[in-house]
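Data first, discussion second: the structure below is written as structure tokens.
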There are 2 protein chains.
Amino acid sequence: MRPTPRVETFPANTPAVSQIFTTVLSQGPLTRLEVARRAGLSPAAVTKAVRPLIEAGYLVEDAAEEARPALGRPANPVRVDGGRALFIGVKVTGGELIGVLTDLCCRIRVARHVPLTDRTTEAVLPHLTELVHQLLAEAEDLGTPVLGLGVAVSGDVDRAEGVVRYSPFLDWRDVPFAELAAMTTGLPVTVENDVRALTVAEQWFGAGVGLSDFAVVTVGTGIGCGLVVHGRVIEGAHGVAGEIGHVTVDPAGPPCHCGNRGCVEAIAGEAAILRRIRETTGADVTDTAQAVELAHRGAAGAREAYARAGEAIGRGIATVANLLGPERVIISGEGLAAYDLFAEQIRGAFAAAAFGSAAQCDVQTRPLPFEEWARGAAATAIQSFITPDDPHPSR
Amino acid sequence: MRPTPRVETFPANTPAVSQIFTTVLSQGPLTRLEVARRAGLSPAAVTKAVRPLIEAGYLVEDAAEEARPALGRPANPVRVDGGRALFIGVKVTGGELIGVLTDLCCRIRVARHVPLTDRTTEAVLPHLTELVHQLLAEAEDLGTPVLGLGVAVSGDVDRAEGVVRYSPFLDWRDVPFAELAAMTTGLPVTVENDVRALTVAEQWFGAGVGLSDFAVVTVGTGIGCGLVVHGRVIEGAHGVAGEIGHVTVDPAGPPCHCGNRGCVEAIAGEAAILRRIRETTGADVTDTAQAVELAHRGAAGAREAYARAGEAIGRGIATVANLLGPERVIISGEGLAAYDLFAEQIRGAFAAAAFGSAAQCDVQTRPLPFEEWARGAAATAIQSFITPDDPHPSR
DNA sequence: AGCCCTTCTTTTCCGTCGTCAATAAAAGAA
DNA sequence: TTCTTTTATTGACGACGGAAAAGAAGGGCT
């Protein structure tokens, strides 16, 4: 067991307490009765669980005077006091660190970037430590304690052990990053795969609230996917799951760095779109902004590249829907900047390839501010804070 | 709530009891200590839970004298008394009913077929009732009570409500089959999708024992897939899940009855293989036996058709592995008769298309006796008997 | 043969959690 | 004021499962 520094612990002695807290956290202000209903508990249990949480300051009674039914004792909704505690989330990319300071409701208070020139652990750790200390100073100014640090890294991450098993992009292997960061920052650290972290944020604070089965698809440099099934994020037996980017949509398609042809990512990844535009138009586009502009100006080759990308993404989403039957798919990612260029194709391909009532699945898009990945990291830190480590994660 | 006739109820007052019973049921004779370890409970809890189960006759102490460690008090393993109770499982296909009488350990005691000429509910129900009564008579001879009936039907089935929402193959829509069958048979009835039923059987009595994440792929007329994630079978928000048969592997492939091209089923389904062989060889093959024989005699066109099918299946499995990261994939189905004809392609395509450590997934094959589908139905009946209907299935 | 040692099982005691049912509280309506 | 209606709280109670210690059933050692 990795020694976790404990700044302050959450008074969750029992599963019911964390379940109740989570319900209030994600479903906004609720009356105790309503909490009981949604959590499947008796009102009495809620009252009892809520009291210590109010005493500890995590919950507050919210005298929200909104359209109450004119009859009976007025409801007394309860909500989470976001200002009670702060958390830090950091997304590690090859070129930079993105750090955010969020409150307990995962609302971003401060965001900050640090460029990276070297992606080795030895180089990243000091920069991360420095970034965290800056954010800690901000928190100091707010007079609020920081109770956890979440780090999001792409690749195969073992969250329970706090180890980055293998991150191809950073070229890290078996790095016990949680332990390292805990040493330099003095905070409890959670390390998680970036897409899964984003998925946790959606599950608790985004479009996945209240759903037990949904998927998050990120469109950008790569195409990623986080899956929630039976109310829990899928981790994959070998650390790999949600690799929608390497689902084949056309075996005759362009080669992918994974060694196959026609992966979603090989058609709809940023680099693939740019390459396609260069090939078909001859224009020397080197970044997405140029490509989007070209497409918006009506260049046929550029539009076609985006159309192909949209079709690939739509097919990928339909595959997820056919296999898992989620209630909702949330499309997000930097690539959404070009959403108008492929929205139609995504919907069209999805509708065509979804089988039977899988097509009823609600496909939504969510804009993704650049700090969102870091916010996801913070969400995992909040999750770790609230939910004590389960010695028997499932069976 | 559908009124369920109660022949006899299982003394599972608490989740711990059903968990302990399930552990013993699927993991064979175990000492109490070992049960405690696997179920994550204390030995004391096991002792307490086991006693009433032994008293009720569901468990027996198994004085198995096998290579005991020469030290300490001899272990006193416990196992399920299969002969304590019987269950009936029926698989409904378009052309026939397959019924089995199994014991509590889901071992088949009697199997029986009934041909069907008409697949309407009105025609099927009397035949099913007759079949069940025959099996009940057999059970009578054994002097053992039958405690439940499971019915497996292809298509969209709402198990909780006991309703067949839509079965394209049988052309049933919103048929409250559980209620109907309960009326005519007097047994508690569970209706479940056929592939999911088979998956339950594998989870409890087959190659999925002890795994929390695995997939079952059935190869036959259609290509189906049952998925277990976090220890539970995926139902799909809209009743559809595991539709691996309609994952696209080649958008330029042959048309599929679902309206798309190049679905796994359009390449590897029984009809698709036969059609392909007819097209390439000109031979007038009309059933699988002929096709297999042709291929075994070395007909190039037939071998190629199976090779293509194997590749499509391998790709489909890789897609599942990439998205879910299961520990194991179990391939089964009538189509396995031709397994030697496409085994190599399945493995090859899987290995090529599986991304990163998803390729570590263990791909196994299991022969599928013809009664296996019916046995799956019986497994769901056993499951319903043991696990009381959960008012809060998950959250 | 008696004693010790080891391992599995059972018992006893106890804390804790959540429900039940009754009660209090906070309004508006009659 | 009093009644009605709805929400919140209280306290008694039962049950579940854990901890610890005792018991049971051998084998080995002296």
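Chain A is the first sequence line, chain B the second, and so forth, proteins listed ahead of strands; every chain is numbered from 1. This is a predicted model, so every value here is computed, not measured.
Atom pair Leu41(B):CG and dG17(D):C1' shows a separation of 8 Å (rounding to whole Å applied). Remark: C1' of dT9(C) and CD of Glu34(B) are 15 Å apart, rounded to the nearest angstrom. In this entry the distance linking CZ of Arg73(B) with C1' of dT7(C) reads 9 Å, nearest Å. The distance between atom CZ of Arg37(B) and atom C1' of dT7(C), rounded to the nearest whole Å, is 11 Å.
Arg38(A) has a carboxylate O that lies under 4.0 Å from a charged side-chain N of Glu34(A), or vice versa, which qualifies the two as a salt bridge. Remark: Arg196(B) engages Glu235(B) in a salt bridge, criterion side-chain N to carboxylate O under 4.0 Å. Using a cut-off of 4.0 Å between Lys/Arg side-chain N and Asp/Glu carboxylate O, Glu61(B) and Arg79(B) are scored as not salt-bridged.
Here Ser42(B) lies in heavy-atom contact (under 4.0 Å) with a base. Among the heavy atoms of the strands lying under 4.0 Å from Ala16(B) are primed sugar atoms or P, OP1, OP2 only; no base atom is included. Across all strands shown, Ala44(A) has heavy atoms under 4.0 Å from base atoms, whether or not it also approaches the sugar-phosphate. Within the nucleic acid shown, Thr31(A) comes within 4.0 Å of sugar-phosphate atoms alone, with no base atom in reach, counting heavy atoms only.
For dT11(C), the paired nucleotide is dA20(D), the pair qualifying as Watson-Crick or G-U wobble because both relevant distances are below 3.5 Å.
Under 3.5 Å, the side chain of Lys48(B) and the base of dT9(C) form no donor-acceptor pair of N or O atoms.
Residue Thr14(B) has a polar side-chain atom (N or O) positioned under 4.0 Å from OP1 or OP2 of dG17(D). OP1 or OP2 of dT10(C) has at least one side-chain nitrogen or oxygen of Arg32(B) nearer than 4.0 Å.
Ring geometry for Tyr58(A) against Phe385(A) counts as tilted: the plane angle lies between 30° and 60°, on a 0 to 90° scale.
Nearest-nucleotide positions on DNA chain C for Arg51(B) and Leu33(B) put Leu33(B) closer to the 5' end.
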